[in-house]
Structure formats: structure tokens, C-alpha cells
Amino acid sequence: MTDRPSWDDYFMKIAEDVATRSTCIRRSVGAIIVKEKRILATGYNGAPTDISHCTPETCLRTKYNVPSGERHELCRGLHAEQNAIIQAAYHGASIKDAVIYVTHQPCSICTKMLINAGIKKIFCKSPYKDPLAEEMIRESGIECVIVSTRDN
């Protein structure tokens, strides 16, 4: 019998594949929302539908020299978690009590959205230092797990 990946490895690998669709020039992030081992929605970071993708010349964060983790509103793009939540809503899929797999730990804005969307657990591959997000995760009771996949 072949060595099958764990469910967590399997879903994280899919989130990594989703990240390859990213249109962000600074970081590629992918997310999938899963409930009862079924994928409900996916999302990657980038500009909204029918809006021009960023280039090195048009990236607001580069233009204004905005450090990572600050001033999230100075960006044309949506985060992967936001796009996954929006996709679920667009297609009428309830994500209450679902789990999200994200290639990077969510920022404070995405954390607030995940809490209010009813996500019960977050799996992420790469940590992202955001003290406010970490504090809200602890207070909300949502479990956040940094996973290490076989390729990690």
C-alpha cells in the first residue's frame, strides 16, 4: 500500500496549489475552506475580478514603501481568506463550523472575518507575526495550528 498523506497534508497541499493562482507581486497565498473533509471554497490573494492586476510599477504597497503587516487598506488586492469567504457566500455555502487551510497565518483583518464567519479551526503553514491577530485568536477560542507538511 502506498504512503497516503494525512488529511491536513492533503488539504494544505491543495491550498499551496491554489496560491499559484495569486496575482500579488509580493506574496502568493492560498486558502481552502473545508467542512467534513469536503472543500467548500478556495481563495487566493489578488485584485478583484475584472480589476487590473498589480505590477511592480502599480503596486501601492511598493509605491508607498509600506512594510509587511501594516496598512492593509493600501492594497488593490484581497487576501486569500477574504476571497474564500466571499466565494462561499457567492455560492451559498455555509462555512459555519468549517476549517480553513491557509499557506500563511491570517492577518488581523482576516482573523476578524474568520471569527465572524464561524470558522472553528485554522491550519497555516507559514507563521505571520501579527500580535492583534494572535490575541483575537486566543480570545475567540479558535484553534490555530502551524502545520509542517512533508515538503516543508
Side-chain angles (χ1 to χ4, degrees), residues 1-49 53-54 59 61 66-152:
M1 189 161 135
T2 60
D3 188 26
R4 295 175 67 192
S6 70
W7 284 108
D8 293 339
D9 285 349
Y10 172 72
F11 289 129
M12 187 56 72
K13 187 68 171 161
I14 294 171
E16 291 169 352
D17 287 343
V18 170
T20 65
R21 294 281 306 150
S22 170
T23 62
C24 179
I25 64 167
R26 294 179 119 198
R27 175 179 295 152
S28 296
V29 181
I32 66 168
I33 299 175
V34 176
K35 192 172 189 179
E36 299 172 4
K37 296 184 178 133
R38 303 290 182 254
I39 298 170
L40 301 178
T42 66
Y44 52 85
N45 60 327
T49 304
H53 302 309
C54 291
C59 174
R61 298 183 67 75
V66 179
S68 179
E70 296 180 16
R71 305 288 314 269
H72 297 290
E73 76 281 4
L74 289 179
C75 180
R76 293 172 57 85
L78 292 152
H79 289 188
E81 304 93 323
Q82 295 167 344
N83 273 325
I85 291 167
I86 291 165
Q87 185 185 85
Y90 189 88
H91 293 288
S94 172
I95 59 174
K96 183 180 183 306
D97 296 325
V99 173
I100 190 166
Y101 290 80
V102 193
T103 57
H104 295 71
Q105 190 171 347
C107 71
S108 57
I109 294 171
C110 290
T111 296
K112 290 185 270 189
M113 293 177 73
L114 294 170
I115 291 167
N116 276 4
I119 294 295
K120 67 178 181 180
K121 194 170 191 177
I122 300 167
F123 287 93
C124 44
K125 186 174 177 185
S126 298
Y128 178 75
K129 195 69 180 157
D130 186 329
L132 179 57
E134 292 168 5
E135 178 186 329
M136 288 188 295
I137 288 293
R138 275 192 304 276
E139 189 175 336
S140 72
I142 293 174
E143 186 178 357
C144 184
V145 179
I146 308 291
V147 296
S148 178
T149 60
R150 285 186 237 191
D151 297 337
N152 207 6

For Gly43 and Asn83, which heavy atoms make the closest approach, and how far apart are they? CA-CB, 4.0 Å
Under 3.5 Å: donor-acceptor pair, side chain of Ser108, backbone of Leu132: no
The test is side-chain contact (heavy atoms from CB on, under 4.5 Å); show your working for Ile109 and Gln82 and say whether it passes. CA-CA 9 Å; Ile109 294 171; Gln82 295 167 344; 3.5 Å; yes
Would you say Gln105's side chain and Tyr128's backbone share a donor-acceptor pair under 3.5 angstrom? yes
Carboxylate-amine/guanidinium contact Lys129 Glu134, below 4.0 Å: yes
Nearest atoms (heavy-atom pairs only) where Ser22 meets Asn45: OG-OD1, 2.8 Å
Got Val99 and Ile119 here, is their nearest side-chain heavy-atom distance under 4.5 Å? no
Atom CD1 of Ile25 and atom SG of Cys54: how far apart are they, to the nearest 0.5 Å? 6.5 Å
Does CD belonging to Glu36 count more than 12 external heavy atoms closer than 6.0 Å? no
Dump the intermediate steps for side-chain contact (heavy atoms from CB on, under 4.5 Å) on His79 and Cys107, then the final yes or no. CA-CA 9 Å; His79 289 188; Cys107 71; 3.5 Å; yes
Find the distance between CD (Glu81) and CD1 (Ile33) and round it off to the nearest 0.5 Å. 9.0 Å
Cys124 vs Val145 side-chain heavy atoms within contact, under 4.5 Å: no
Just verifying a value: how many Å separate Ser68 OG and Arg71 CZ, rounded to the nearest 0.5 Å? 14.5 Å
If I take atom CD1 from residue Ile32 and atom CZ from residue Phe123, how far apart are they, to the nearest 0.5 angstrom? 11.0 Å
Assess the residue pair Lys125 and Ile146 against the criterion (side-chain contact (heavy atoms from CB on, under 4.5 Å)); give the C-alpha distance rounded to whole Å, side-chain angles, the decisive distance to 0.1 Å, and a yes or no. CA-CA 5 Å; Lys125 186 174 177 185; Ile146 308 291; over 6 Å; no
So, the side chain of Lys35 versus the backbone of Lys96: is there a donor-acceptor pair under 3.5 Å, distance only? yes
Rounded distance [0.5 Å steps], CG in Leu114 versus CD1 in Ile137: 7.0 Å
For residues Glu139 and Met136, determine if any side-chain heavy atom of one lies less than 4.5 Å from a side-chain heavy atom of the other. no
Give the minimum heavy-atom separation between Ala117 and Ile85, together with the two atoms involved. CB-CD1, 4.4 Å
Asp8 vs Tyr101, test: side-chain contact (heavy atoms from CB on, under 4.5 Å). Steps then yes/no. CA-CA 8 Å; Asp8 293 339; Tyr101 290 80; 2.7 Å; yes
Does any non-hydrogen side-chain atom of Val102 lie less than 4.5 Å from one of Val29? yes
Which distance, rounded to the nearest 0.5 Å, do you find between the CD1 of Ile122 and the SG of Cys110? 9.5 Å
Quick check: closest heavy atoms across Thr23 and Ala47, and the distance to 0.1 Å? OG1-N, 3.4 Å
Judged by atom type as modelled, is there a donor-acceptor pair below 3.5 Å linking the side chain of Arg61 to the main-chain atoms of Glu70? yes
Got Lys13 and Pro5 here, is their nearest side-chain heavy-atom distance under 4.5 Å? no
Are any of the side-chain heavy atoms of Ile100 and Val34 separated by less than 4.5 Å? no
Identify the two heavy atoms, one from Pro48 and one from Arg76, that lie closest to each other, and give their separation to 0.1 Å. CD-O, 3.2 Å
Decide if atom CZ of Arg21 counts as having more than 12 heavy atoms of other residues, nucleotides or ligands within a radius under 6.0 Å. no
Heavy-atom closest pair (Ala41 atom, Ala84 atom, distance to 0.1 Å) is CB-O, 3.4 Å
Ring-plane angle category for Phe11 and Trp7, please: parallel below 30°, perpendicular beyond 60°, tilted otherwise. parallel
